[in-house]
**Q** 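I'd like to ask some things about the structure below.
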Protein chains: 2
Amino acid sequence: MDNLTKSRHIVGTAATLKPPAYQCNVTFMGLLTARSAKQGIRAVAKRAGVSTASVSRAINNPESVSASLRARIAQAIEAVGYIPHAPARILSSRRSRTLGAIVPTIDNTMFARGIASLQKYLSSVGYMLFLTTSGYDLDIELQQARNLVSRGVDGLVLRGDCHHDALRKMLADNAVPFINVGIYQPDRPYPCVGTDNEAAAHRAAAHVIELGHRRIGIVSALQRNNDRASARVAGFRRALAEADIELPSKWHVEVPYTLDDAREAARYLLSLGERPTAVVCGNDVIAYGVLLEAERSGYSVPRELSVVGFDDLDWSRHLRPSLTTIHVPTAETWQRAGEYLVRHLAGEQTIMHHEVDYSLVVRESTALPSRSPK
Amino acid sequence: MDNLTKSRHIVGTAATLKPPAYQCNVTFMGLLTARSAKQGIRAVAKRAGVSTASVSRAINNPESVSASLRARIAQAIEAVGYIPHAPARILSSRRSRTLGAIVPTIDNTMFARGIASLQKYLSSVGYMLFLTTSGYDLDIELQQARNLVSRGVDGLVLRGDCHHDALRKMLADNAVPFINVGIYQPDRPYPCVGTDNEAAAHRAAAHVIELGHRRIGIVSALQRNNDRASARVAGFRRALAEADIELPSKWHVEVPYTLDDAREAARYLLSLGERPTAVVCGNDVIAYGVLLEAERSGYSVPRELSVVGFDDLDWSRHLRPSLTTIHVPTAETWQRAGEYLVRHLAGEQTIMHHEVDYSLVVRESTALPSRSPK
DNA sequence: CGCTTTTCTGAAAACGGTTACATCCTATCC
DNA sequence: GGATAGGATGTAACCGTTTTCAGAAAAGCG
């Protein structure tokens, strides 16, 4: 307390005056209510002249209490400024109405959108969300999951099906339901909701093949610990294989999730003597990198190089040339993940494997291959 | 509800078969360990042949317990697969080692980056983060704050100083410390960390003025409930005023945070008979919109139109022409907010108003005004 | 070797809710 | 009118930790 006051860094004269006042204020008010507001529910009960049980009932199950009592209690709650203590509630009821989510990183538009959608849905049904990140590290993911379970989450939303074995065991041991989002794997014994990345990637590659391209490069995201990236690569390769197109190993590059890395990969690809006439990319950000680098190097897209993305971020339709890509309804996917868990927790029937449709959006970045490829 | 079930898309026979098996499995394992793992700490205590108090001490304050006991307990914890129950811990210790954060939206690169940084820092010091969103709505922010306080957070990170009055009172009443991030207001009695948006905006506008522009437009973010946006506008206007430059009211437009809106605003601005030779923007996304629309309309940037952004997002240096903008160290800012609260909670000395430096990054989108403005 | 510190450990009372169970009413029905 | 069902409320035992306090053991000391 005291040292705090001293320590405040004070800038300007106005500031020199105000902070102490604030300090005082806070401390005073804190103490003031500390006395009255402690023992939360009992204070309310006393004020309303009822038992704590009634207050609890009035809050959690208003129907179960007479209208007059309900009103009296509501007024007492207001008067005391009562805020229920969630941890106590969780402890005694063994339910938290909270879900946990672990994403590789929040710093990726797709995940940010998904999380936003999930959170919005959850709050609409009275749930909260505990969000953590793993940085594509399975051990960290496990640790975060432990953390969340320890926190008492009722269920867990995970990205993909690429997890530490101990994670699944731990969740089973603690009877915490979970769902893998962003992938679709009907043959696995775990709930999931998402698009079939392999099929969608296949569609993307098929598109450029249909246009007549035979020299096709792949720039994918890092496949390590990323089943979504792997599935997409698998889809690309299957499409090529089915069309009897060979993929020189130097035409397949993997890059991290930044524009700079993508540009570097594109620079490499475009510098090859023997270069592809089309590039399919593991995600839109990578595609942007390819587009930018192609422009910088003086190659015309799509005349000399066709580019396909995957995700359909905002920029894709604004860019010039706009990007042909796979549209994935991220918001819907994540919301459905929430729905699954909420319904599951409510004891309702749920469907374990839910496929979300993708679609190929053809824009300006793809075209027939030029007559005379270098 | 029902229509949801109907709408579910089931593909393949595997899906039809597996779910029941899984259901069984989970339930079984759940019950199995439910018996052995319950009563967490007592199970550990019994197994190690010690009291619950010792186990608790071994976990929270390892030094306070003899080495042999510590080892025995560690082994028991491992054997039982014990995961501490955070709510119980919070209830009993009255500390959660958890901070709450309320941002307008997660779906904005700046906030996403900031949150990521804050979360990373917090987890490095053993704290967790509870993240919620307000959608720029003060009432929702208040409600979310209640929620977080109810959850037992030790402190709160808020965006800016534009809050519901009841919010400050509620936090004071409950003695929950907080900090306003993303702004710098040394004359206000509340802790804050961030850049001086007014000064930075002033710098941005001064830049185009120095280049010789006299016909300057402003495209800002919505100022309502957004002190950061307002401060920037104020800075722009002050710079103009100081240079005796008049700002026709039709040259100041406000837009929401999407590329489409920004483009629309730019379209409007460029369609005016009397149009500016430079546009200063409330953030980079808006600037992107102006850039894109200028290109579409055939105006050359920067020859015919100079554009200045604010934030320095990734795209700004990749775009062609690359964007002159104000660089703001978001990650650092949010991390410092976390540091402030953590140190404050630890009773350490803290600095109440912390200014984070901005810088003007001059790139290709600004230049001298052309000789013959229309 | 007895006495005082100090260190380590255990027993039990919180912490702030929920909820099973008991109790007390008040209609309802024969 | 008395028995009874059923709804509204109260009592008190938990939920799984932490933490105070006190006792036991070990260590230091003259």
**Q** Rounded to whole angstrom units, what separation is found between the CD1 atom of I90(B) and the C1' atom of dA14(C)?
**A**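 After rounding, the reported distance stands at 17 Å.
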**Q** Give the rounded distance in Å between these two atoms: CG of N61(A) and C1' of dT18(C).
**A**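 From N61(A) CG to dT18(C) C1': 12 Å.
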**Q** Give the ring-plane orientation class for F178(A) versus H163(A), where under 30° counts as parallel, over 60° as perpendicular and anything between as tilted.
**A**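 F178(A) and H163(A): perpendicular rings.
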**Q** Say whether, by atom type as modelled, one donor and one acceptor occur between the side chain of S96(A) and the main chain of G152(A) under 3.5 angstrom.
**A**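 Here the side-chain-to-backbone pair exists.
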**Q** Go through the steps to decide whether L341(A) and Y127(A) satisfy the test side chain to side chain contact (heavy atoms under 4.5 Å, CB included), and finish with yes or no.
**A** CA-CA 11 Å; L341(A) 284 175; Y127(A) 268 73; over 6 Å; no
**Q** Toward the 5' end of DNA chain C, which comes first, S64(B) or P87(A), by nearest nucleotide?
**A**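 Here S64(B) is the residue nearer the 5' end.
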**Q** Within the side chain of Q119(A), is there an N or O that forms a donor-acceptor pair under 3.5 Å with the backbone of L131(B)?
**A**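 Yes.
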**Q** Once you round it to whole Å, what is the distance between P of dA14(C) and CG of L91(A)?
**A**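 Atom CG in L91(A) sits about 17 Å away from atom P in dA14(C).
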**Q** H354(B) side chain to T333(B) main-chain N or O, any donor-acceptor pair under 3.5 Å?
**A**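 Between the backbone of T333(B) and the side chain of H354(B) there is no qualifying donor-acceptor contact (under 3.5 Å).
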**Q** Between the side chains of N60(B) and R89(B), is a donor N or O closer than 3.5 angstrom to an acceptor N or O?
**A**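 Looking only at side-chain atoms, R89(B) and N60(B) do form a donor-acceptor pair, the distance falling under 3.5 Å.
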**Q** For D165(A), does the CG atom have more than 12 heavy-atom neighbours from other residues, nucleotides or ligands under 6.0 Å away?
**A**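 No.
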**Q** Measure the angle between the two terminal helix axes of the helix from dC1(C)-dG30(D) to dC30(C)-dG1(D), five base pairs each, and quote it to 10°.
**A**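 Taking the rotation axis at each end, their angle is 40°.
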**Q** Both S68(B) and S93(A) contact DNA chain C. Taking the nearest nucleotide for each, which residue is further toward the 5' end?
**A**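 Of the two residues, S68(B) wins.
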**Q** Look at the side-chain N and O atoms of R89(B) and state whether any lies under 4.0 Å from the OP1 or OP2 oxygen of dT18(D).
**A**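 Answer is yes, contact under 4.0 Å.
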**Q** Using whole Å, what does the distance between atom C1' of nucleotide dC15(C) and atom CD1 of I41(B) come to?
**A**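 Between C1' of dC15(C) and CD1 of I41(B): 15 Å.
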**Q** Is the shortest heavy-atom distance from the side chain of V342(A) to the side chain of L122(A) under 4.5 Å?
**A**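 Yes - at least one pair of side-chain heavy atoms lies under 4.5 Å apart.
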**Q** Do the side chain of D154(B) and the main chain of R97(B) share a donor and acceptor less than 3.5 angstrom apart?
**A**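 Confirmed, D154(B) side chain pairs with R97(B) backbone.
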**Q** Starting at CZ of R94(A) and ending at P of dA20(C), how long is that distance when rounded to a whole Å?
**A**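 Interatomic distance, CZ of R94(A) to P of dA20(C): 9 Å.
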**Q** Nearest whole angstrom, please: distance from the P of dG16(C) to the CD1 of I83(A).
**A**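 That distance rounds to 14 Å.
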**Q** Answer with base, sugar-phosphate or nothing: what part of the nucleic acid does V65(B) contact at a heavy-atom distance below 4.0 Å?
**A**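 Sugar-phosphate only.
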**Q** When you compare the protein's N or O atoms with those of nucleotides 10-12 of chain D, which come within less than 3.5 Å of each other, and at what distance?
**A**
from: dG10(D); atom 1: OP2; to: S51(A); atom 2: N; distance (Å): 2.9
from: dG10(D); atom 1: OP2; to: S51(A); atom 2: OG; distance (Å): 3.2
from: dG10(D); atom 1: OP2; to: S54(A); atom 2: OG; distance (Å): 2.8
from: dG10(D); atom 1: N7; to: R57(A); atom 2: NH2; distance (Å): 2.8
from: dG10(D); atom 1: O6; to: R57(A); atom 2: NH1; distance (Å): 3.2

**Q** Rounding to an integer number of Å, can you tell me how far R72(B) CZ sits from dC8(C) P?
**A**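 In whole Å, dC8(C) P lies 14 Å from R72(B) CZ.
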**Q** Look at the rings of F111(A) and W334(A) and say which category their plane angle falls in: under 30° parallel, 30 to 60° tilted, over 60° perpendicular.
**A**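 Geometry flag for W334(A) against F111(A): perpendicular rings.
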**Q** Which nucleotide in the list dT9(D), dT17(D), dT18(C) gets nearest to the side chain of S56(A)?
**A**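 Among the listed nucleotides, the one closest to the side chain of S56(A) is dT18(C).
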**Q** May I ask you to verify whether the side chain of S92(B) and the base of dT17(D) hold a donor-acceptor pair under 3.5 Å?
**A**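 For S92(B), whose side chain was compared with the base of dT17(D), there is a donor-acceptor pair (under 3.5 Å).
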**Q** Please evaluate the base of dG17(C) for a donor-acceptor partner in the side chain of R42(A) within a cut-off of under 3.5 Å?
**A**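 Indeed, a donor on one side and an acceptor on the other fall under 3.5 Å apart.
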**Q** Find the distance R95(B):CZ to dC15(C):C1' and express it as a whole number of Å.
**A**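 My rounded result for the distance is 15 Å.
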